[in-house]
Participant: 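I have a structure I would like to understand better, so I am pasting it below and will then ask my questions one at a time.
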There are 2 protein chains.
Amino acid sequence: MLNPALPLGFAHHDHTNCVIDTLTAAETYCAEKELRFTPVRRKVLEILSQEHRALGAYAILDRLRESGFGSQPPIAYRALDFLVLNGLAHKIERLNAFIACSHLGYTHTPFFMICHLCNTVAEAQYVPDRGALESAAQTAGFHIEQTVVEAKGVCPSCITKGDI
Amino acid sequence: MLNPALPLGFAHHDHTNCVIDTLTAAETYCAEKELRFTPVRRKVLEILSQEHRALGAYAILDRLRESGFGSQPPIAYRALDFLVLNGLAHKIERLNAFIACSHLGYTHTPFFMICHLCNTVAEAQYVPDRGALESAAQTAGFHIEQTVVEAKGVCPSCITKGDI
DNA sequence: ACTAACTTGTTATAGTATTACGTCTGTATC
DNA sequence: GATACAGACGTAATACTATAACAAGTTAGT
């Protein structure tokens, strides 16, 4: 099980476990919700979980092709739509790219930290601040359904390298 | 002067003043910072401030053409880059579209409320919650340079109409 | 087996954004 | 005033991102 307290991505670790853990969690999750975790969808999630960078749809498509799947855009986009819709992956709007969810099963407002030097993306557990955001929305009479928070900046390893 | 406390966009009001106020504020701001507020840039900001919806680059381009400016994409993108870089406009990543800043001169982390029924966008004054976001970033050792918060939901007038 | 709902494959096309290069304009310097 | 420089604009070409539409295959329930 993935630990929701630690933002992966910036820390060194064994990717093999990431992939296995993510896929196992996804399988369990889909079984519970009676969702079809088909080969393409599984492959896309596998591809995404192999790195903690966001991948564009066409980069994913290239890897699908190498693995013998269809190679037209809708193949990738449909799998990604499924993953995003069901919270197994997220779209990073600033990058027009996608990343595996690292807090599957925990309801959360994703908070992404995007390093603009090495393009690594980490997803932090962000307990939605119902104080500030909700109150701003309430003042306006707005009903929030979904919130995305994306921060651009420099990740710890680039700071250490002195690139800042 | 624009009132930073009230999120425009969802409230009925006279647009004429919005446009004039925005352009005047931008002129003053650019003069202070020794930025060139050229005719194209001015025109793009004028176009944006005429509505409180986000406009795509190509929609802006159409209107530039009608006004006798160049009609190739870079014309619009360069003006938009300038406006965004200097805080006179913001990009709504979820929509790949742009909107005039309604809190010019106030340092702020923009918080956008996007109505997915009527596509109206309101920018709220969001006092950055250094508690939750910063602490999540600090835990990860991440240095935040810029943060974008985008909420999808339903605006007050669509709620009233019963579209929800 | 039959049907309905869903998923995949493929073609074509729409929408968003950037690169590259030439020209012009304003400013500072000699 | 002539010159050099930087920034901004005009245009053409191209790259990147995403969706529509339709045909064919698959799965689960009847």
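Each chain gets a letter, A, B and so on, in the order the sequences are listed, and its residues count up from 1.
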Participant: Taking only N and O in the side chain of A/Thr38, is any of them less than 4.0 Å away from OP1 or OP2 of C/dT8?
Facilitator: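 Indeed, a polar side-chain atom of A/Thr38 lies that close.
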Participant: Quick one: are B/Val149 and A/Thr147 in side-chain contact, heavy atoms under 4.5 Å?
Facilitator: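 Sidechains of A/Thr147 and B/Val149: in contact.
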Participant: Nearest-Å distance, CG (B/Asp62) to P (C/dT16)?
Facilitator: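 The distance from CG of B/Asp62 to P of C/dT16 comes to 11 Å, rounded to the nearest Å.
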Participant: Measure the CD-CZ distance between B/Glu93 and B/Phe112 for me, rounded to the nearest 0.5 Å.
Facilitator: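 Going from the CD atom of B/Glu93 to the CZ atom of B/Phe112 covers 9.5 Å.
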Participant: C/dT10 P sits how many Å from A/Phe69 CZ, rounded?
Facilitator: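 Computing the A/Phe69:CZ to C/dT10:P distance gives 13 Å.
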Participant: What integer distance in Å separates B/Leu85:CG from D/dG7:P?
Facilitator: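 Interatomic distance, CG of B/Leu85 to P of D/dG7: 13 Å.
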Participant: Given atom CG of B/Asn86 and atom C1' of D/dA8, what is their separation to the nearest angstrom?
Facilitator: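 Distance check: B/Asn86 CG to D/dA8 C1' gives 14 Å.
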Participant: Nearest whole Å is fine: how far is C/dG15 C1' from B/Leu61 CG?
Facilitator: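 One finds 13 Å between C1' of C/dG15 and CG of B/Leu61, rounded.
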Participant: Can you give me the closest heavy-atom contact between B/Phe142 and A/Cys115, atom names plus distance?
Facilitator: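 So the minimum-distance heavy-atom pair works out to CE1-N, 4.0 Å.
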Participant: If you assign B/Arg41 and B/Gly70 each to the DNA chain D nucleotide with the nearest heavy atom, which residue ends up on the more 5' nucleotide?
Facilitator: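 It is B/Arg41 whose nearest nucleotide is closer to the 5' end.
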Participant: Tell me the interatomic distance from A/Glu93, atom CD, to C/dG15, atom C1', rounded to whole angstroms.
Facilitator: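 Rounded to the whole Å, the gap is 15 Å.
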Participant: Provide a list of protein-nucleic acid N or O atom pairs under 3.5 angstrom, restricted to nucleotides 12-19 of chain D.
Facilitator:
from   : atom 1 : to      : atom 2 : distance (Å)
D/dA18 : OP1    : A/Lys91 : NZ     : 2.6
D/dA18 : OP2    : A/Tyr77 : OH     : 2.9
D/dA18 : O5'    : A/Tyr77 : OH     : 3.3
D/dA18 : N7     : A/Tyr58 : OH     : 2.6
D/dA18 : N6     : A/Tyr58 : OH     : 3.3

Participant: Roughly, in whole Å, what's the span from CZ in A/Phe37 to C1' in C/dC6?
Facilitator: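 Answer to the nearest Å: 17 Å.
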Participant: Quick one: sort the B/His15 and B/His52 rings into parallel, tilted or perpendicular, breaks at 30° and 60°.
Facilitator: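 B/His15 vs B/His52 ring planes: tilted.
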Participant: For residues 53-62 of chain B, tabulate all N or O donor-acceptor pairs below 3.5 Å that involve a side-chain atom, not counting sequence neighbours.
Facilitator:
from    : atom 1 : to      : atom 2 : distance (Å)
B/Arg53 : NH1    : B/Glu51 : OE1    : 2.9
B/Asp62 : OD1    : B/Arg65 : NH1    : 3.0

Participant: Working to the nearest 0.5 angstrom, can you tell me the gap between B/Met113 CE and B/Lys152 NZ?
Facilitator: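 Taking CE in B/Met113 and NZ in B/Lys152, the distance rounds to 16.0 Å.
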Participant: B/Leu35 CG to C/dG26 P: how many Å, rounded?
Facilitator: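 In whole Å, C/dG26 P lies 18 Å from B/Leu35 CG.
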Participant: Would you kindly compare B/Arg36 and B/Arg78 by the position of their nearest DNA chain C nucleotide and give the one closer to the 5′ end?
Facilitator: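 So the residue in question is B/Arg78.
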